[in-house]
Chemist: 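Here it is: the structure, laid out below.
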Amino acid sequence: MTRIAYVNGRYVPHGQAAVHVEDRGYQFSDGVYEVIAVHRGRLVDEHGHLDRLERSLGELRIAPPMTRRALRVVIGEVVRRNRLGHDGMIYLQVTRGVAPRDHAFPDAADSALVVTARRLPPFDAAAATGVDVITIPDIRWERRDIKSISLLPNVLGKQQAQDAGAYEAWMVDGEGQVTEGTLSNAWIVTAEGELVTRHADRAILSGITRRAVLELARGEGIGFVERPFTVDEAKAAREAFLTGTTVLVKPVLHIDGQAVGDGRAGPLTGKLAAFYAAHMKTQGESP
Ligand code: PDD
């Protein structure tokens, strides 16, 4: 089956989908993106992702390429044309558009929109196997709340993790506190049993999965604290896990080679993964 991409007003075969060489995303990373999971043909937390997209665009003063209503039609059409009746992923990217290379904003450029889709094996958050993480210095800029396409530190960090035989790298700020992973948010259950994830300010991306898991915990009467935690605290924790659109809820078994708890997926992580799996099944609107 031919994959179809949406590029600036046209639905084109994925292999022929292309943008202009002077697209500011290509030259300056002057753009933002979102990744939305599709589960059983339905978008997971679509509105949360579109709200965050609008916020990222606003922070960078990039004009939305179209209304939210029109964007939802385009996304729905990409889901349909790619026959994403089961599980998959939608990637969407908005850049400041095409203009002669000049750092300052162009006077007249239309924002550029690309939407692509990918089919994936069925998601099952509750069956997620555990992974290992390493810790690395966080060398990113100070506006990590913006979902910018400028991802070099994340790319380098993820590769460093892979080279070390780990799955993810937790980035650590100047105070020795974990900010987040290269493509996921970081969580621990402390030695005292407290569920902790860093508060969402400019230091991290406010993950949509993170938010959903917090709300599920709240609904189930599970207490939590949003605050920074150190690498030492994480290594002494009972449990640790990651959340994100592409990782769902993933137990962390080792940090820098040191076992977290008994080195197996923890019970609270398992519970939250099961709640999230149920959340993926029951919510989500047909695009
Ligand atoms: N990454 N932190 C970072 C740095 C991320 O890049 C992501 C998502 C997250 C989790 O956010 P969410 O729950 O909204 O997916 C946290 C996407 C999936 C990616 O770059 O592929």
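Please read all numbers here as calculations on a predicted model, not as lab measurements. All ligand and atom numbering here is 1-based and tracks the order in the structure. As a basis for the values below, the full set of heavy atoms in this structure was taken, side chains included, without hydrogen atoms, waters or symmetry mates.
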Chemist: May I ask you to decide whether Glu168 forms a salt bridge with Lys158, counting only side-chain N to carboxylate O separations under 4.0 Å?
Modeler: no
Chemist: Can you find an N/O atom of Ile208 closer than 3.5 Å to an N/O atom of ligand 1?
Modeler: yes
Chemist: Does Tyr33 come within less than 4.0 angstrom of ligand 1, counting non-hydrogen atoms of the residue?
Modeler: yes
Chemist: Is the shortest N/O to N/O distance between Thr209 and ligand 1 below 3.5 Å?
Modeler: yes
Chemist: Going by distance only, is there an N or O of Thr243 that falls short of 3.5 Å from an N or O of ligand 1?
Modeler: no
Chemist: So for ligand 1, is Thr246 a polar contact partner (N or O within less than 3.5 Å, distance only)?
Modeler: no
Chemist: So, 4.0 Å and heavy atoms of Arg52: is ligand 1 close enough to count as a contact?
Modeler: yes
Chemist: Polar-atom distance check: Glu180 versus ligand 1, any N or O pair below 3.5 Å?
Modeler: yes
Chemist: Which protein heavy atom lies closest to atom 21 (O) of ligand 1, and at what distance to 0.1 Å?
Modeler: Val35 CG2, 3.7 Å
Chemist: Are any of the side-chain heavy atoms of Lys235 and Val260 separated by less than 4.5 Å?
Modeler: no
Chemist: Is any NZ, NE, NH1 or NH2 atom of the basic residue among Arg140 and Asp173 found under 4.0 Å from an Asp or Glu carboxylate oxygen of the other?
Modeler: no
Chemist: Under a 4.0 Å N-O cut-off, is there an ion pair linking Arg52 with Asp145?
Modeler: no
Chemist: Check Arg72 with Glu77, please: is the shortest side-chain N to carboxylate O separation under 4.0 Å?
Modeler: no
Chemist: Are Arg227 and Glu233 ion-paired here, with the side-chain N under 4.0 Å from a carboxylate O?
Modeler: yes
Chemist: Please could you name the atoms of ligand 1 that Gly244 approaches to less than 4.0 Å, counting only its heavy atoms?
Modeler: 10 (C), 13 (O), 15 (O)
Chemist: For ligand 1, which part of Lys147 has a heavy atom less than 4.0 Å away: the side chain, the backbone, both, or neither?
Modeler: side chain
Chemist: Under 4.0 Å, heavy atoms only, figure out whether ligand 1 is touched by the backbone of Leu151, its side chain, both or neither.
Modeler: neither
Chemist: Run the numbers for me: atoms of ligand 1, each under 4.0 Å from some heavy atom of Gly181, listed by number.
Modeler: 4 (C)
Chemist: Do His20 and Asn8 have side-chain N/O donor and acceptor atoms under 3.5 Å apart?
Modeler: no
Chemist: Using the six-membered ring wherever Trp is involved, compare the ring planes of Phe241 and Trp187 and label them parallel, tilted or perpendicular (cut-offs 30° and 60°).
Modeler: parallel
Chemist: What's the shortest distance from atom 15 (O) of ligand 1 to any protein heavy atom, and which residue and atom give it?
Modeler: Thr245 OG1, 2.5 Å
Chemist: Only heavy atoms of Asn154, strictly under 4.0 Å: list the atoms of ligand 1 that pass.
Modeler: 4 (C)
Chemist: Of Ser184, Gly207, Ala200, which has the heavy atom at the shortest distance from atom 16 (C) of ligand 1?
Modeler: Ser184
Chemist: Side chain, backbone, both or neither: which applies to Asn185 and ligand 1 if a contact is any heavy-atom pair less than 4.0 Å apart?
Modeler: both
Chemist: Decide, yes or no, whether a salt bridge links Arg144 with Asp138 under the criterion of side-chain N to carboxylate O below 4.0 Å.
Modeler: yes
Chemist: Would Arg198 and Glu180 pass as an ion pair if we require N to O under 4.0 Å?
Modeler: no
